[in-house]
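The block underneath contains the structure these notes are about, expressed in structure tokens.
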Amino acid sequence: MTVTGADRDAPGAGWWWWARRRSVVLDGGLALVSAVECAAEGVAFSGRAGVPDGVGALIGFLVGAVLLVRRRWPITVVLVSIAVAPAEMGFLMGIVGLYTLAASEVPRRYTAVLAGMSTVAVFVVTAVEMRRDIAAQADGFDPSAWYVPVMALFMTLGLNAPPVLFGLYIGARRRLMESLRERADSLEQELSLLADRAEQRAQWARQEERRRIAREMHDVVAHRVSLMVVHAAALQAVALKDPQKAVRNAALVGDMGRQALTELREMLGVLREEEPAEVPAAVPLAAVGRAAAAAAEAAASEEGPGLGAVEGLCEQSRLAGAVVELVVVGEPGECPPEVGRTAYRVVQEALTNVHKHAPGAEVVVRLGHRGSEVAVQVENGPSDAGAADAGLPSGGNGLVGMRERVVRLGGVFVSGPTDAGGFKVSAVIPVAGATA
């Protein structure tokens with residue numbers, strides 16, 4: 001099937017090969033005009049051929065009506081117009097047929113052959129008629145030998161060239177419009193995919209921010225509250241025996257509670273920062289989410305504790321009755337706040353796990369400064385069987401949070417039991433990677 005225009009956009013719609021009602025009206029009108037023209041020309045031809053006028057009119061009407069199928073079979077229309085050219089009928093059918101053929105998706109070699117055949121047929125018929133008319137004149141007009149061929153050629157080109165050229169232009173324009181529509185559809189699909197991907201990235205950024213907040217809350221609350229519970233248990237045990245020690249333990253519990261509240265306020269202050277009044281439409285949602293997460297993380301890192309607070313952290317555990325040894329290797333250098341905060345949180349969570357799972361165990365905290373990286377190791381021995389268990393609950397998120405913190409900065413995190421029956425946590429955090 002040969003299709004010539006936007007009718008191919010709705011296959012199966014409309015009547016037969018017409019997709020729109022106006023196409024039916026246009027083709028029907030052209031076929032009617034062509035049929036009337038060919039019927040009149042058929043009557044004139046029947047007089048020269050010696051057949052009844054009614055037969056000539058009927059044949060001409062049927063021939064002209066072939067134009068009705070020009071959209072479905074344009075080659076057939078052109079061949080019929082060439083066949084009836086010697087009878088001097090079907091001029092409208094020939095013009096419309098050539099236009100339809102050139103505008104359709106018929107291979108160009110077929111269009112060139114049929115246009116050449118039509119040109120030759122019209123040229124021969126025109127030249128013969130012109131010679132017949134010149135011979136019938138009584139004034140003795142005798143043109144030169146080139147007059148008839150030149151005039152016949154001009155008339156033939158005037159009839160055939162415009163519809164062919166116009167049809168080629170319309171066909172090229174339709175193909176261009178179709179390619180532009182296809183490109184627009186593909187761009188729309190790509191934009192839809194990009195919007196979906198941006199929404200996914202924004203969702204990922206929100207989830208990452210929730211995980212970050214959960215890590216901060218876990219580190220702050222779990223460690224401080226664990227020490228407070230340990231001191232409260234010690235306070236309860238010595239309240240009657242040693243009132244002065246009970247007073248010291250109560251003061252420590254108060255200090256730890258105030259420190260926990262201070263860190264919580266810092267975190268809530270970051271979360272309550274005023275958001276921009278309006279986000280430009282051109283900024284992707286993913287970029288906004290990543291920027292918000294990075295800003296919150298950076299703010300929390302600058303305000304939170306770092307490597308300098310590790311000694312105080314160990315001292316708090318010592319006051320709670322644990323034996324904690326701090327070993328620092330290498331010269332401390334400048335490192336990004338985020339690196340120091342991550343190292344601090346690793347030590348904090350490791351000490352919290354010791355209070356939870358190995359009460360009374362000896363702990364060794366090692367900090368190593370290697371220029372381009374910071375190494376942290378917290379190793380505890382087996383739990384003291386004589387130490388009282390504070391009954392602290394465990395959610396199983398401490399090691400997961402430590403690993404997420406270290407890996408996010410491009411570091412390496414390893415944890416597991418030791419041969420001596422204790423547990424060891426190790427982390428290596430690159431300084432240059434965190435800075436970048």
Side-chain angles (χ1 to χ4, degrees), residues 215 218-239 241-242 245-246 248-249 252-253 256 259-260 305 307 309-330 342-370 374-407 411-429:
R215 288 195 301 266
H218 178 271
D219 292 341
V220 171
V221 175
H223 181 74
R224 302 295 182 189
V225 174
S226 297
L227 289 180
M228 290 170 66
V229 171
V230 172
H231 281 290
L235 177 62
Q236 184 179 5
V238 302
K241 300 178 181 179
D242 192 348
K245 187 174 182 180
R248 290 195 300 270
N249 286 342
L252 288 174
V253 171
M256 293 177 186
Q259 292 176 5
L307 290 175
V310 173
E311 176 62 35
L313 193 63
C314 295
E315 183 62 26
Q316 291 176 359
S317 295
R318 295 190 190 103
L319 294 175
V323 179
V324 181
E325 178 185 0
L326 176 62
V327 179
V328 180
V329 180
T342 301
Y344 176 88
R345 292 303 186 193
V346 170
V347 175
Q348 184 184 54
E349 181 58 30
L351 292 176
T352 301
N353 289 339
V354 172
H355 292 298
K356 288 181 179 180
H357 307 293
E362 296 183 357
V363 186
V364 178
V365 179
R366 296 182 178 87
L367 288 179
H369 301 275
R370 304 174 183 174
V374 174
V376 179
Q377 185 183 83
V378 180
E379 182 178 358
N380 64 273
S383 175
D384 186 1
D389 190 352
L392 295 170
S394 176
N397 297 318
L399 295 177
V400 176
M402 285 190 284
R403 183 182 302 277
E404 289 178 352
R405 286 179 179 276
V406 174
V407 172
V412 178
F413 179 83
V414 179
S415 63
T418 62
D419 297 336
F423 199 84
K424 180 169 62 176
V425 172
S426 301
V428 178
I429 309 170

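Only heavy atoms go into these numbers, but all of them, side chains included; no hydrogens, no water, no symmetry mates.
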- Return the set of residues passing side-chain contact (heavy atoms from CB on, under 4.5 Å) with A420 (not counting sequence neighbours), or none when no residue passes. T418
- Item | Residues that E379 engages under side chain to side chain donor-acceptor pair (under 3.5 Å), provided they are two or more places apart | none
- Task: For T342, enumerate each residue passing the side chain to side chain donor-acceptor pair (under 3.5 Å) test, keeping only those at least two apart in sequence or located in another chain.
- Result: none
- Message: Would M402 and V376 count as a side-chain contact (heavy atoms from CB on, under 4.5 Å) here? Give the steps.
- Response: CA-CA 12 Å; M402 285 190 284; V376 179; over 6 Å; no
Using every non-hydrogen atom in the two residues, find where [X] and [Y] come nearest and quote the distance to one decimal.
X: F413; Y: A427; value: CD1-CB, 4.1 Å
X: P359; Y: S383; value: O-OG, 3.1 Å
X: Y344; Y: P305; value: CE2-CG, 3.2 Å
X: V406; Y: V428; value: CG1-O, 4.0 Å

- Mind checking whether V346 and R405 have side chains closer than 4.5 Å, heavy atoms only?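 Side chain of V346 against side chain of R405, heavy atoms only: no contact under 4.5 Å found.
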- Message: side-chain contact (heavy atoms from CB on, under 4.5 Å), that's the test. Do V425 and L399 meet it? Break it down for me.
- Response: CA-CA 9 Å; V425 172; L399 295 177; 4.3 Å; yes
Output side-chain donor-acceptor pairs under 3.5 Å for residues 362-369, partner residues at least two apart or in another chain, one line each.
{"from": "R366", "atom 1": "NH1", "to": "Q377", "atom 2": "OE1", "distance (Å)": "2.8"}

- Note on the structure: With sequence neighbours left out, the residues meeting salt bridge (charged side-chain N to carboxylate O under 4.0 Å, His left out) with E315 are R318
- Taking only residues two or more places apart in sequence, or in another chain, which ones meet E404 in a salt bridge (charged side-chain N to carboxylate O under 4.0 Å, His left out)?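 If we apply the salt bridge (charged side-chain N to carboxylate O under 4.0 Å, His left out) test to E404, skipping adjacent residues, the hits are R215.
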